[in-house]
Amino acid sequence: MRKKIAAGNWKMNLDLTQAQTLISELTQMINDEYSGSAEVVLAPPFPFLYPAHHLLKNHSRFHLAAQNIYTKESGAYTGECSAQMIQSVGASHCIIGHSERRQYFGESHDQLLAKIRLCLRFGIYPIYCVGETLSARESGKTFEVIQQQTEQVLFLLTEDEVRKIIVAYEPVWAIGTGKTATPQQAQEVHAFIRRIISEKYGASVADETSILYGGSVTASSAPELFSQPDIDGGLVGGASLKSREFAEIVKALP
Ligand code: PEP
């Protein structure tokens, strides 16, 4: 059975005190109110990973993600963080290829592949993001874009490597815009991703791959999105900064 996952991407928000408060509130709410099987993955900015690790270490449902790593293992790359560094401060997951990184930092497929390989070398689960822009959707190119983003990164990995990847479908037009894809629009793309993974690696790999939806998920949109057969949870930005809202999103998972 593939995992259900609610992941919170905090982006470049909060200070340390606010981050600690958010974690304390979340652990309390989720421990008290949720008895399902989903994993909760929190992706704070780099400086909060280690303090977050301490706050989360006795809460086995919770896991930590970094939002990015650099493409090299170590060396003279001022300002960057490596896979080994994030692993050593408690991260078990890492978001790779978020559309904000593709858009503002020009990250290429080659770079994303290098980052995924480094994650895997250090035992970190990559959360690989794909998603089309509004103009791609409007010109009928959604599946073409998703196929390219999948083929040029994911499909260069071995079957064993792909088994460790979590995919996040995040339509760019829905990220931070308040515009959520309809459950039908999201399901259609999730089913497509699962189908092409199945064609390349076989049904058992595809069945085991968790595919998360991201793009303005809220407590009110989560239940219908998460009830779609190929949607295994969410990658949540804005709503993951509010403890009550994010706890309700987690509770929408079985
Ligand atoms: C994200 O950053 O991955 C995201 C989906 O953001 P939001 O939920 O704010 O749209």
Under a 4.5 Å cut-off applied to non-hydrogen side-chain atoms, are [X] and [Y] in contact?
X    : Y    : answer
L113 : L157 : yes
R194 : R2   : yes
C129 : I95  : yes
L118 : Y70  : no
R163 : V205 : yes
I5   : D232 : no
Q228 : H190 : no
F192 : T142 : no

Closer than 3.5 angstrom, by distance alone: can the side chain of [X] be matched with the main-chain N or O of [Y] as a donor-acceptor pair?
X    : Y    : result
S198 : A206 : no
E25  : L22  : no
R102 : G97  : yes
R61  : G36  : yes
S221 : V217 : no
Y213 : A181 : yes

Crowded around [X] [atom1]? As in, over 12 foreign heavy atoms under 6.0 Å?
X    : atom1 : result
Q28  : CD    : no
K141 : NZ    : no
F155 : CZ    : yes
Y125 : OH    : no

H53 vs V89, side chain to side chain contact (heavy atoms under 4.5 Å, CB included): CA-CA, chis, key distance, verdict: CA-CA 7 Å; H53 170 60; V89 294; 6.0 Å; no
In Å, rounded to the nearest 0.5 Å, how long is the span from [atom1] of [X] to [atom2] of [Y]?
X    : Y    : atom1 : atom2 : value
H98  : I96  : NE2   : CD1   : 12.0 Å
E161 : E159 : CD    : CD    : 11.0 Å
L42  : H59  : CG    : NE2   : 11.0 Å
L212 : I166 : CG    : CD1   : 6.5 Å
Y50  : M85  : OH    : CE    : 15.0 Å
L56  : H54  : CG    : NE2   : 11.0 Å

What closest approach, in Å, do [X] and [Y] show between heavy atoms, and which atom pair accounts for it?
X    : Y    : answer
G90  : L64  : O-CB, 3.7 Å
K72  : S82  : O-CB, 4.2 Å
A219 : E248 : CB-CB, 3.6 Å
S216 : G178 : OG-N, 2.8 Å
W173 : E132 : NE1-OE2, 2.9 Å
I193 : Y169 : CD1-CB, 4.1 Å

Short N-O contact, E73 and R121, less than 4.0 angstrom: yes
N-O pairing of R244 and E33 below 4.0 Å: yes
Qualifying salt bridge (Lys or Arg N to Asp or Glu O under 4.0 Å) pairs with a residue from residues 109-118, counting only residues at least two apart or across chains: E107-K115
Are [X] and [Y] joined in one hydrophobic group, where the rule is that I, L, V, M, F, W and Y side chains link up if heavy atoms are under 4.5 Å apart?
X    : Y    : result
I127 : I197 : no
V41  : L225 : no
V172 : I211 : no
I175 : V167 : no
L235 : W10  : no

Which donor-acceptor pairs under 3.5 Å do side chains of residues 143-150 form with protein atoms, sequence neighbours excluded?
unit_1, atom_1, unit_2, atom_2, d
Q147, NE2, E151, OE2, 3.0
Q149, OE1, G131, N, 2.8
Q149, NE2, G131, O, 3.2
T150, OG1, I146, O, 2.6

Worked verdict on T180 versus T218 for side chain to side chain contact (heavy atoms under 4.5 Å, CB included): CA-CA 9 Å; T180 317; T218 60; 5.7 Å; no
From CA spacing to verdict: side chain to side chain contact (heavy atoms under 4.5 Å, CB included), M29, S243: CA-CA 8 Å; M29 285 176 192; S243 54; 3.5 Å; yes
Verdict with reasoning, E39 to H93, per side chain to side chain contact (heavy atoms under 4.5 Å, CB included): CA-CA 12 Å; E39 290 188 352; H93 294 65; 4.2 Å; yes
Pairing residues for F122 by the ring-ring contact (aromatic ring centres under 6.0 Å, His included) criterion, not counting sequence neighbours: none
